[in-house]
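Accompanying notes for the structure given below.
We're numbering straight along the sequence, starting at 1. The figures here come from the full heavy-atom set of this structure, side chains too, leaving out hydrogens, waters and symmetry mates.
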Amino acid sequence: MSLAPRLAYFAGVARTEHVTRAAQEMQVPQSTLSRAMVRLEQDLGVDLFARRGRTVSLTPAGRTFLASVERALAEVGRAADEVRADADPNTGKVAFGFLHTMGAETVPGLIHAFRADHPRVRFSLVQNYGEAMIERLRAGELDLCLTSPVPDAPDLVARRLDEQKLRLVVPADHRLAARRRVRLAEAADETFVTLEPGYGLRRITDDLCQEAGFRPRVAFEGEEAETLRGLVAAGLGVALLPPPVFPRPGVVELTVTAPRAAREIGVAWLDGHPDTPPVAAFKRFLLSKRGNLLPT
């Protein structure tokens with residue numbers, strides 16, 4: 001028998017100071033309880049009980065040990081209560097990761113709509129870039145993540161949900177600012193501001209520029225799309241970005257006609273990972289949004 005059950009048996013015997021009564025309360029055979037106490041004392045090398053027939057009393061060592069055992073059992077009980085609460089269909093918790101660009105409008109709207117039917121489900125929300133979210137998914141820290149590009153890995157399940165057009169963002173006084181549409185190749189000589197390597201949007205930017213026949217000359221790398229828009233407004237470069245939540249003064253957003261500039265948004269989870277009821281419900285909700293995920 002492992003140590004954990006013996007600790008619970010020990011606490012029960014110590015509480016009742018009677019082996020028979022403890023066995024009845026814990027619904028285990030008295031012989032099992034007696035053997036467990038003897039084995040525990042042998043393992044520890046100390047006497048925990050002074051015995052008088054079926055009645056026992058704690059030795060000084062037993063009292064010291066009991067204080068620690070009760071704290072440990074209480075901690076295990078709290079942990080069990082917590083995981084049961086997180087799995088509760090009505091009040092459980094979903095650990096949900098998403099891209100920074102999804103945080104201002106898309107994710108709040110999704111959670112608001114989901115909670116119309118699941119008003120007490122709780123969320124642990126994590127904003128990060130794609131690769132970091134996948135790492136946290138694999139570590140078991142996230143149940144689901146909304147990311148781009150849609151990952152393709154044998155240990156993950158990923159579903160495409162929607163597509164987001166990317167625009168070439170230029171300063172308001174830029175030579176291209178009077179245009180509505182532009183081929184990306186027309187920006188080949190420009191200085192770019194981009195997200196850092198490791199971000200999905202950076203990879204897409206590099207790939208699109210390569211498809212357009214050039215390698216972007218990058219002057220600034222950042223971690224957040226709206227910061228890049230500010231750099232563009234300050235005349236420090238141009239950027240390929242998804243549409244802003246609110247129009248940004250000082251910049252012009254141009255439709256890119258070639259190559260096709262868009263990024264796919266998808267939801268991913270760990271393959272074979274069992275879902276709690278609240279996670280399963282939110283997953284079904286996200287999949288029902290296929291083609292209608294992003295605000296129009």
Side-chain angles (χ1 to χ4, degrees), residues 97-112 125-133 145-149 161-266 293-296:
F98 52 93
L99 300 168
H100 289 281
T101 48
M102 304 274 103
E105 190 174 12
T106 301
V107 168
L110 286 171
I111 292 175
H112 176 77
L125 300 175
V126 174
Q127 285 180 274
N128 217 322
Y129 64 98
E131 288 183 10
M133 278 195 295
C145 71
L146 204 60
T147 188
S148 175
L161 295 179
D162 214 336
E163 183 181 87
Q164 191 173 46
K165 294 280 177 61
L166 300 178
R167 316 263 182 77
L168 182 68
V169 185
V170 302
D173 59 357
H174 191 270
R175 62 182 177 84
L176 296 172
R179 303 265 297 276
R180 293 184 61 186
R181 292 175 174 78
V182 66
R183 289 177 296 106
L184 189 56
E186 296 178 74
D189 295 330
E190 298 291 334
T191 298
F192 277 71
V193 297
T194 71
L195 295 179
E196 293 176 350
Y199 283 70
L201 189 56
R202 171 60 181 270
R203 191 155 89 239
I204 293 167
T205 296
D206 288 346
D207 289 348
L208 286 171
C209 290
Q210 183 179 357
E211 197 177 336
F214 68 96
R215 184 175 178 177
R217 189 170 74 251
V218 176
F220 295 93
E221 295 175 333
E223 297 181 344
E224 206 272 319
E226 287 312 303
T227 301
L228 299 186
R229 263 194 182 81
L231 294 173
V232 173
L236 298 174
V238 302
L240 273 172
L241 295 173
V245 177
F246 303 107
R248 175 74 184 242
V251 302
V252 175
E253 315 251 340
L254 305 175
T255 298
V256 178
T257 58
R260 189 171 183 278
R263 64 171 180 171
E264 290 188 336
I265 309 292
L293 180 80
L294 302 170
T296 54

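P249 and A233 make their closest contact through O-CB, 3.9 Å (heavy atoms, listed as atom of the first residue, atom of the second, distance). Shortest non-hydrogen contact noted between L228 and G222 is CD2-N, 4.0 Å. Considering all non-hydrogen atoms of both residues, V256 and A261 come closest at CB-CB, 3.9 Å. Pairing each heavy atom of P242 with each of L201, the nearest pair is CD-CD2, 3.7 Å. Closest approach of I265 to S148, counting heavy atoms only: CD1-CB, 3.8 Å. Here the closest heavy-atom approach between residue L195 and residue A225 is recorded as CD2-N, 4.2 Å.
Checked against side chain to side chain contact (heavy atoms under 4.5 Å, CB included), F214 has the following partners two or more places apart in sequence or in another chain: L184, A188, F192, C209, A212, P216. Applying the side chain to side chain donor-acceptor pair (under 3.5 Å) rule to D162 yields no partners; only residues at least two apart in sequence or on another chain are considered. Considering only residues two or more places apart in sequence or on other chains, E211 meets the salt bridge (Lys or Arg N to Asp or Glu O under 4.0 Å) condition with none of them. Here R175 pairs with E190 under the side chain to side chain donor-acceptor pair (under 3.5 Å) rule; sequence neighbours left out. Take A177 and apply the side chain to side chain contact (heavy atoms under 4.5 Å, CB included) test, not counting sequence neighbours, and it matches V170, H174, V252. E221 meets the side chain to side chain contact (heavy atoms under 4.5 Å, CB included) test with T194, E196, P197, R202, V218; sequence neighbours excluded. In this view, E224 and T227 satisfy the side chain to side chain donor-acceptor pair (under 3.5 Å) rule, not counting sequence neighbours. Residues satisfying the side chain to side chain donor-acceptor pair (under 3.5 Å) criterion with R167, sequence neighbours excluded, are absent altogether. The salt bridge (Lys or Arg N to Asp or Glu O under 4.0 Å) check on R179 picks up E186, with sequence neighbours excluded.
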Does L125 form a side-chain contact (heavy atoms from CB on, under 4.5 Å) with I111? I'd like the steps, not just the answer.
CA-CA 10 Å; L125 300 175; I111 292 175; 3.6 Å; yes
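Of the inter-residue distances, the one linking L240 atom CG with L166 atom CG reads 6.0 Å to the nearest 0.5 angstrom. How far CG of L241 is from CD of Q164: 10.0 Å, rounded to the nearest 0.5 Å. Separating the CE atom in M133 from the OH atom in Y129 is a distance of 10.5 Å, to the nearest 0.5 Å. Between the CG atom in L168 and the CZ atom in R183 there is a gap of 12.5 Å [rounded to 0.5 Å].
Screening residues 235-262 for side-chain hydrogen bond (donor to acceptor under 3.5 Å, both in side chains) gives E163-R260, R229-E253 as the qualifying pairs, with residues at least two apart or on separate chains.
For the pair L161 and L294, the minimum side-chain heavy-atom distance is 4.5 Å or more.
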N/O donor to acceptor pairs below 3.5 angstrom from side-chain atoms of residues 97-107, sequence neighbours left out:
residue	atom	partner	partner atom	Å
T101	OG1	R263	NH2	2.6

